[in-house]
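Reading through the structure tokens given below for one structure.
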Amino acid sequence: MTLQPKLALTLLLLLCSLVATPLAAEEPEEEEEAVEEDRITAYIAMDPPFVTHIGTPGTKVTYLKASVSLRVASTGAQPALDAHMPRLRHELVMLLGEQTDSERLTALEGQQALREEATTRINQVLEEQQTGESITGVLFTEFVVQK
């Protein structure tokens with residue numbers, strides 16, 4: 001009979017150690033999940049769409065309509081972008097209005113260059129305003145050049 005309590009105690013200790021091991025392993029995952037929650041991919045639409053004329057003065061008027069979404073990688077970016085949205089829209093209106101080559105904007109390379117410049121300008125504004133946030137990209141969800 002003395003063997004059974006020792007066996008039961010040994011089995012109980014073994015069972016407790018097996019149960020505790022997964023619990024200890026889950027704690028770092030929870031910390032990693034908390035960090036991952038801060039690093040997300042989200043899209044923020046800049047409504048309404050941008051409509052402006054492009055080209056050189058004295059030529060036929062050409063219009064550009066662009067719907068823009070901003071890609072962000074942190075949860076804190078949304079409030080910063082909302083707070084500075086008028087300035088961000090201003091920067092994009094100025095950038096779009098500076099475009100003089102409508103043929104370049106109809107090509108993929110021209111649109112890509114415009115996206116990169118827009119990303120740079122928006123990040124410059126966010127840095128000037130000391131938000132501590134940035135965007136990871138500008139996406140055109142609608143892009144129409146009308147001649």
Side-chain angles (χ1 to χ4, degrees), residues 8-147:
L9 184 60
T10 304
L11 289 174
L12 184 60
L13 288 173
L14 181 63
L15 182 62
C16 288
S17 67
L18 290 175
V19 170
T21 302
L23 292 177
E26 288 180 18
E27 290 177 20
E29 289 176 11
E30 290 174 3
E31 290 175 9
E32 289 175 10
E33 288 175 11
V35 171
E36 289 177 11
E37 287 176 9
D38 289 343
R39 303 299 300 173
I40 61 164
T41 298
Y43 300 94
I44 300 167
M46 295 182 79
D47 289 325
F50 296 88
V51 178
T52 187
H53 65 281
I54 58 173
T56 56
T59 60
K60 183 179 175 189
V61 177
T62 302
Y63 290 97
L64 169 66
K65 178 181 180 184
S67 295
V68 177
S69 290
L70 306 176
R71 185 175 52 214
V72 297
S74 72
T75 56
Q78 176 84 40
L81 291 171
D82 288 343
H84 299 289
M85 191 59 73
R87 172 79 190 279
L88 300 176
R89 288 188 62 82
H90 166 77
E91 289 296 325
L92 289 184
V93 166
M94 294 294 104
L95 174 62
L96 295 174
E98 293 170 6
Q99 304 308 305
T100 57
D101 188 358
S102 61
E103 293 299 321
R104 184 169 183 257
L105 290 179
T106 58
L108 184 59
E109 295 82 20
Q111 292 173 11
Q112 180 64 27
L114 187 60
R115 286 181 55 230
E116 290 171 6
E117 179 63 24
T119 301
T120 301
R121 288 198 186 186
I122 289 173
N123 282 331
Q124 285 173 346
V125 169
L126 294 173
E127 185 178 326
E128 281 176 23
Q129 299 300 319
Q130 300 176 352
T131 62
E133 298 294 337
S134 65
I135 63 168
T136 56
V138 169
L139 291 92
F140 295 128
T141 55
E142 180 179 26
F143 196 87
V144 179
V145 177
Q146 180 181 352
K147 297 179 182 184

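Not measured: the values here are computed from a predicted model. Atoms considered below: every heavy atom in the structure, side chains included; atoms not considered: hydrogens, waters and symmetry mates.
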Going from [atom1] on [X] to [atom2] on [Y], what distance comes out if it is rounded to the nearest 0.5 angstrom?
| X | Y | atom1 | atom2 | result |
| --- | --- | --- | --- | --- |
| Tyr63 | Ile54 | OH | CD1 | 11.0 Å |
| Arg115 | Leu108 | CZ | CG | 9.0 Å |
| Ser134 | Ile122 | OG | CD1 | 11.0 Å |
| Leu88 | Leu70 | CG | CG | 7.0 Å |

Looking at Ala66, is its backbone amide N or carbonyl O close enough to the side chain of Glu142 to form a donor-acceptor pair, meaning the two atoms are under 3.5 Å apart?
no
Ignoring hydrogens and angles, tell me if any N or O in the side chain of Ser69 forms a donor-acceptor pair with the backbone of Leu139 under 3.5 Å.
no
Quick check: are there more than 12 heavy atoms from other residues, nucleotides or ligands sitting under 6.0 Å from [atom1] of [X]?
| X | atom1 | value |
| --- | --- | --- |
| Gln130 | CD | no |
| Gln146 | CD | no |
| Arg87 | CZ | yes |

Can you confirm whether [X] sits close enough to [Y] that some side-chain heavy atom of one is under 4.5 Å from a side-chain heavy atom of the other?
| X | Y | value |
| --- | --- | --- |
| Val68 | Phe140 | yes |
| Leu114 | Val138 | no |
| Arg89 | Met46 | yes |
| Thr131 | Val125 | no |
| Glu91 | Gln124 | no |
| Val144 | Leu64 | no |
| Leu81 | Ile135 | yes |
| Ser102 | His53 | no |

All ring-ring contact (aromatic ring centres under 6.0 Å, His included) counterparts of Phe50, not counting sequence neighbours:
none
Residues two or more places apart in sequence or in another chain: which of them pass side-chain contact (heavy atoms from CB on, under 4.5 Å) with Ala42?
Ile40, Val72
How close do Gly76 and Pro79 get, heavy atom to heavy atom, and via which atoms?
O-CD, 3.3 Å
Glu117 and Leu95 have their tightest heavy-atom pair at CG-CD1, 3.5 Å
Start with the C-alpha gap between Arg121 and Leu92, add the side-chain angles, then the distance that decides, and say whether side chain to side chain contact (heavy atoms under 4.5 Å, CB included) holds.
CA-CA 8 Å; Arg121 288 198 186 186; Leu92 289 184; 5.8 Å; no
Regarding Asn123 and Glu127, is there a side-chain donor-to-acceptor distance under 3.5 Å anywhere?
no
Could you give me the CA-CA distance, side-chain angles and deciding distance for His90 and Val93, then say whether side chain to side chain contact (heavy atoms under 4.5 Å, CB included) is met?
CA-CA 5 Å; His90 166 77; Val93 166; 5.7 Å; no
